[in-house]
Amino acid sequence: MDKIRQILLQRGRQYLTTVRSSLWLIPGLMIGFSVLLALFLIEVDARLDHKWYQDYPHVFGLGADGSRGMLTAIAGSMLTVAGLCFSLTLSTISQASAQYTPRILRNFMRDRTNQFILGYFVSIFAYCLMVLRTIRGADEIKFVPSLAVLTGLILAIGGVLVLIYFIHHIATSLQVSHIITVIEDETVHVIDNIFEDELDSNAETDAPMPPDTVSDIMADAVTNWYPVHSLDSGYVQYVDMDGLTEFAEEHSSVLRMEYGVGQFVGVGTALLMSSVELEDGDEAELNSLFNVYRYRTVEQDVGFGIRQIVDIALKALSPGINDTTTAINCIDYLGVIAGRLANRKLTPPYRIVEGELRVLVMAPSFHDYVGTAFDQIRISGSGNMAIFMRLVKAFALVAERTVTEDRLHTLHKHMELTRVFASETLVTDYEKEKFQEYYERQMERMTLCKA
């Protein structure tokens, strides 16, 4: 039962991640709600005494023909507007993907505002159809659900406001500053969820060195490791670390992750290594603790959020675009993300239970995150003084939130790399001198904030 539960949980996580970024889930739910609302109001109309409607002829005064005509017009116009909104959304997704990076395409699809607006118009269409089918004229048993018809009119007027807001939202969504901000907010939210604990001022390293048993096990790796092969191909979206630890404890083994969150794994490659030979069925159970799917997601993958902003910066720095301002905006927000990571306890490189090593974890360090964020931008910004200056400023700002010596050393290393690269690629003596002055001021700032 536990194996079945783990497999179901894995599939459930994959399904929830997929439907969250779909354009059909919210509209589908809204259509269902509109149908229920129509049925409810029709039933209420059928049970009410219609004589009191006569006291408000300007509100409930439409007859059968007038109600049919109005609802038909509303239904037709709402479906037309829904088609327009779908077209604008797809056009926006295509334009943003080509202009910035394909990695942000799913962000637009996951946008709750877009999903709600698309759902609003198609749900009004469904509502009007449900009400239209119940209207009866004089040649039949006359029935006009006046309350439901009035509600349809109110929803249609609301649709005008929703359409105006949709146009505003689409225009805002295409602004690069908005795109970068959304990615940064989402990434910071993930950091706060995954790395809840902050480092104290006495911390010296990201995590204490593993016990001697780790070195002994690693020394015997050639002969004592047994591979656990992946049953799927794709990117690792999620890893159940608690499940891995429990499995290793139950089997008195040590597990070594060969792939971490955000990395690509192929069918038949070693997803894990085990210090003991496993039995039939154990491979499937261990695979169920990994979500492997066709694309990366940010839910547990901080590096993917960083990657999206880096891609926007690289596109901006490409010779065909040469948009330094956008690249500088990306560096600023990457500095915010790195600063958030600077004082957090990251995933330790191992799991220990009751003094016994159980899992060797494949997880990025602070050094890895900083390298992912800034290495390629530094290279692509070759010869661009503004990029080099903003990089050293970002490192100095991150240093203000750094409490460990090893992380501060990482930032100093990147500062020095930027200085060397600037001295080699900047062309004029003026640029070199100006950058050197700025570099020295930022180094002094780093020194003072840690004094």
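By convention here, the first residue in the shown sequence is residue 1.
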* Asked: Going through the checks in order, is the side-chain contact (heavy atoms from CB on, under 4.5 Å) test met by Met273 and Val228?
  -> CA-CA 6 Å; Met273 294 297 228; Val228 178; over 6 Å; no
* To do: Rounded to the nearest 0.5 Å, what's the gap from CG on Leu37 to CG on Leu155? Could you check?
  => 7.0 Å
* Residues Arg307 and Asp311 bridged, charged N to O under 4.0 Å -> yes
* Please tell me if the side chains of Ile180 and Cys330 come closer than 4.5 Å, counting only heavy atoms from C-beta onward. => yes
* Taking every non-hydrogen atom, the tightest pair across Gly381 and Leu317 -> N-CD1, 4.0 Å
* To do: Work out which heavy atom in Tyr259 is nearest to a heavy atom in Phe290; give both atom names and the distance.
  => O-CE2, 4.1 Å
* Asked: Hey, what do you get for CD1 (Ile117) to OG1 (Thr113), rounding to the nearest 0.5 Å?
  -> 6.0 Å
* Lys/Arg-Asp/Glu bridge criterion (N-O < 4.0 Å) met for Glu246, Arg358 -> no
* Structure fact -> Heavy-atom closest pair (Ile179 atom, Tyr100 atom, distance to 0.1 Å) is CD1-CE1, 3.4 Å
* **Heavy atoms from other residues, nucleotides or ligands near CZ of Phe264 exceed 12 (cutoff 6.0 Å)** => yes
* Given side chains that start at C-beta, do those of Gln300 and Gln237 come closer than 4.5 Å, heavy atoms only? -> no
* Asked: For residues Thr245 and Arg351, is any side-chain donor paired with an opposing acceptor at under 3.5 Å?
  -> yes
* Asked: Do Arg296 and Phe304 meet the cation-pi criteria used here (NZ or CZ under 6.0 Å from the six-membered ring centre, within 45° of the axis)?
  -> no
* Asked: Does Arg441 pair with Glu444 as a salt bridge, N-O distance under 4.0 Å?
  -> no
* How long is the gap from NE2 on His367 to CG on Asp406, to the nearest 0.5 Å? -> 11.0 Å
* **Donor-acceptor pair, side chain of Ser77 and main chain of Ile74, under 3.5 angstrom** => yes
* **Derivation of the salt bridge (Lys or Arg N to Asp or Glu O under 4.0 Å) call for Glu416 and Arg419** => CA-CA 5 Å; Glu416 179 63 17; Arg419 186 195 65 80; 2.5 Å; yes
* To do: Using a 4.5 Å cut-off on heavy atoms from C-beta on, say whether the side chain of Ile309 contacts that of Ile337.
  => yes
* **Stepwise side-chain contact (heavy atoms from CB on, under 4.5 Å) test for Ile352 and Tyr350** => CA-CA 7 Å; Ile352 295 176; Tyr350 55 87; 3.3 Å; yes
* Would the Tyr295 and Tyr293 ring centres measure less than 6.0 Å apart? -> yes
* To do: Give a yes or no on whether a salt bridge exists between Arg256 and Glu258, defined as a side-chain N under 4.0 angstrom from a carboxylate O.
  => yes
* Asked: Relative to the ring of Tyr369, is the ring of Phe195 parallel (under 30°), tilted (30 to 60°) or perpendicular (over 60°)?
  -> perpendicular
* Give a yes or no on whether the backbone of Gly260 and the side-chain of Gln263 come within a donor-acceptor separation of less than 3.5 Å. => yes
* Atom pair CG/CG of Leu90 and Asn114 - distance to nearest 0.5 Å -> 10.0 Å
* **Asn343/Thr402 under side chain to side chain donor-acceptor pair (under 3.5 Å): CA gap, chis, key distance, verdict** => CA-CA 6 Å; Asn343 67 339; Thr402 304; over 6 Å; no
* Which one of Gln442, Met443, Gln436 satisfies the side-chain contact (heavy atoms from CB on, under 4.5 Å) criterion with Glu440? -> Gln436
* Are Val122 and Phe86 close enough, and set up right, to give a side-chain contact (heavy atoms from CB on, under 4.5 Å), and what steps lead you there? -> CA-CA 11 Å; Val122 294; Phe86 273 104; 4.3 Å; yes
* **Test item: Val162 and Phe121 side chains (from C-beta on) under 4.5 Å apart, heavy atoms** => yes
* Under 3.5 Å, is there a donor-acceptor pair between the side chain of Thr269 and the main chain of Gly266? -> yes
* Using 4.0 Å as the upper bound for N to carboxylate O, is an ion pair formed by Asp332 and Arg390? -> yes
* To do: Over all heavy atoms of both residues, which pair between Ala148 and Leu41 is shortest? Give the atoms and the distance, please.
  => CB-CB, 3.9 Å
* Heavy-atom closest contact (Glu431 atom, Leu426 atom, distance) -> O-CD1, 3.8 Å
* Asked: Any idea how His251 and Phe247 line up, ring-wise: parallel (<30°), tilted (30 to 60°), or perpendicular (>60°)?
  -> parallel
* Asked: Can you find a heavy atom in the side chain of Tyr439 that is under 4.5 Å from one in the side chain of Met415?
  -> yes
* **Atom OH of Tyr235: over 12 foreign heavy atoms under 6.0 Å** => no
* Hey, does the side chain of Thr425 reach the backbone of Gly383 with a donor-acceptor pair shorter than 3.5 angstrom? -> yes
* Asked: Is the shortest side-chain N to carboxylate O distance from Arg340 to Glu184 below 4.0 Å?
  -> no
* Ser94 side-chain N/O to Ser91 backbone N/O, donor-acceptor pair under 3.5 Å -> no
* Residues Lys315, Asp323: salt bridge by 4.0 Å N-O rule -> no
* To do: Verify ring-ring contact (aromatic ring centres under 6.0 Å, His included) between Phe374 and Phe395, making sure each step is shown before the conclusion.
  => CA-CA 10 Å; Phe374 299 109; Phe395 297 139; 5.0 Å; yes
* Can a donor-acceptor pair be found between the side chains of Asn193 and His189 at a distance below 3.5 Å? -> yes
* Hey, are Asp111 and His169 close enough side-chain-wise for a donor-acceptor pair under 3.5 Å? -> yes
* Structure fact -> Ala396 and Arg445 have their tightest heavy-atom pair at CB-CD, 4.4 Å
* Are any of the side-chain nitrogens in Arg407 or Glu400 under 4.0 Å away from the carboxylate oxygens of its partner? -> no
* Structure fact -> One should read off an interatomic distance between Ser274 OG and Asp282 CG, to the nearest 0.5 angstrom, of 8.5 Å
* **Asp197 (side chain) donor-acceptor with Lys345 (main chain) under 3.5 angstrom** => no
* To do: May I have the step-by-step check of side-chain contact (heavy atoms from CB on, under 4.5 Å) for Met78 and Tyr120, ending in yes or no?
  => CA-CA 9 Å; Met78 290 299 107; Tyr120 187 87; 5.5 Å; no
* Interatomic spacing from OG in Ser230 to CG in Leu286 - rounded to 0.5 Å -> 11.5 Å
* To do: Answer whether the closest heavy-atom distance between the side chains of Leu271 and Leu231 falls below 4.5 Å.
  => no
* **Evaluation steps, salt bridge (Lys or Arg N to Asp or Glu O under 4.0 Å), between Glu424 and Lys432** => CA-CA 9 Å; Glu424 294 176 351; Lys432 293 179 180 180; over 6 Å; no
* Is the shortest heavy-atom distance from the side chain of Val359 to the side chain of Met241 under 4.5 Å? -> yes
* Quick one: does Val298's side chain get under 4.5 Å of Arg110's, heavy atoms only? -> yes
* Could you tell me whether a side-chain N or O of Ser123 sits under 3.5 Å from a main-chain N or O of Ile31, the two making a donor and an acceptor? => no
* Does a donor on one side chain sit under 3.5 Å from an acceptor on the other, for Asn329 and Thr326? -> no
* Asked: Is a donor on one side and an acceptor on the other found under 3.5 Å between the side chain of Thr172 and the backbone of His168?
  -> yes
